[in-house]
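Written out below as structure tokens is the structure these notes cover.
Since this is a predicted model, take the numbers as computed values, not measurements. The sequence lines fix the lettering, A, B, ..., with proteins before strands; numbering per chain opens at 1.
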Amino acid sequence: MARSPASPITSAARSREAPDPPAPASGGAGRDGPDPLAPLDRSELPVETAALARFLIGKVVARALPEGVVSGRIVETEAYGVGDAAGHAFSGLTERNRSLFLERGHAYVYFIYGRSWMLNVSAETPGIGAGVLIRAIEPRDGVSIMRLNRGTGPLRDLARGPGRLAAALRIDRSLDGLDLCRRGPLWLARGDAAAHEIGESVRIGISREADRLLRFYVRDSPYVSGPRRLNA
DNA sequence: TATGAGATTGGCT
DNA sequence: GCCAATCTCATAG
């Protein structure tokens, strides 16, 4: 089948049928303050990749599954920005990385090491390939569903690490290209703006551009991945 | 068509 | 702490 890599991406995932959106938290959401699962507006997202990576710390990733909503607070991200040799977009647009070139706030999902799915949020402006890897979340809603998705395990390990996170939220290629700024199968939400201190370190598991401080994490969070020396 | 490397994980020493 | 598993994609031939 003829397929033009440069053709506009009309996100197949976006038109895919989504499970019913979750009902707002029981009771009057108005009186209890803003809905923590309300989607982020794209205009709130910083355009620049590292700024977006930092911004996303403390925000929420939410996943609608047939069994219910699963969500968690983002506690660790990494930026793969413009001209970054460690980024998947460094060598230009390909079939695999095309979602990185979408407008900011879209999902780039890929499979690695024969075992793990990775969730990224596209950054920068349309046509520019850049993204933020979501490396870990603190489980919030649907913990029992996460346990089923992951097999039994300690709460702390359910979504500590990008592959585990994707497994816990049942993320795979079917979500690649999805708009994360609208309530659907997967989206980014405001969360409850809990206080946190953000640490910076080098990125994990890469060989190129390995000394750049483009990893961001919540200090003192037990749900952060990576060696202890990077999480000081 | 073949091959090498990869934004990881889990099991074993 | 070390290392194999396992598969997809990009690149070379």
*For A:His88 and A:Tyr110, what are the C-alpha separation, side-chain angles and deciding distance, and is it a ring-ring contact (aromatic ring centres under 6.0 Å, His included)?*
CA-CA 10 Å; A:His88 285 187; A:Tyr110 67 92; 4.4 Å; yes

_Rounded to whole Å, how long is the line connecting atom CG of A:Leu158 with atom P of B:dT8?_
19 Å

*For the pair made of CD1 in A:Ile206 and P in B:dA7, what is the distance, rounded to whole Å?*
8 Å

*Lys/Arg cation over aromatic A:Tyr223: A:Arg73, 6.0 Å, 45° cone*: no

*A:Ser207 side-chain N/O to B:dG6 phosphate OP1/OP2 under 4.0 Å*: yes

*Rounding to a whole Å, what distance do you find between A:Asp84:CG and B:dG6:P?*
14 Å

*Could you give the CZ-to-C1' distance, from A:Arg150 to B:dT8, as a whole number of Å?*
12 Å

_For Watson-Crick and G-U wobble pairs within 3.5 Å on both distances, what is DNA chain B written in dot-bracket notation, | included for inter-strand pairing?_
||||||.|||||.

_Applying side chain to side chain donor-acceptor pair (under 3.5 Å), can you list everything that pairs with A:Asp192, at least two apart in sequence or on another chain?_
none

*Find the distance A:Glu209:CD to B:dG6:P and express it as a whole number of Å.*
14 Å

*Side-chain N,O (A:Arg215) to OP1/OP2 (B:dA7) below 4.0 Å*: no

_Do A:Arg156 and A:Val224 have side chains that approach each other closer than 4.5 Å (heavy atoms only, starting at C-beta)?_
no

*Give a yes-or-no answer on whether the side chains of A:Arg215 and A:Asn231 include a donor-acceptor pair shorter than 3.5 Å.*
yes

*Rounded to whole angstroms, how far apart are CG on A:Asp172 and P on B:dT8?*
19 Å

_Neighbour count above 12 (heavy atom, 6.0 Å) for A:Asp157 CG_ = yes

*asked:* Does the plane of the ring in A:Phe111 sit parallel, tilted or perpendicular to the ring in A:Trp117? Use 30° and 60° as the thresholds.
replied: tilted

*Using heavy atoms to find the nearest nucleotide of DNA chain B for A:Arg208 and A:Arg160 separately, return the residue whose nucleotide is more 5′.*
A:Arg208

_Protein proximity profile, nucleotides 4-13 of chain C - base contact B, sugar-phosphate-only contact S, no contact -, cut-off 4.0 Å on heavy atoms_ = -BBBSSSS--

*Would you say the side chains of A:Glu103 and A:Thr125 form a donor-acceptor pair under 3.5 Å?*
no

*Just by distance, with hydrogens left out, do A:Arg160 and A:Ser225 show a side-chain donor and acceptor under 3.5 Å apart?*
no

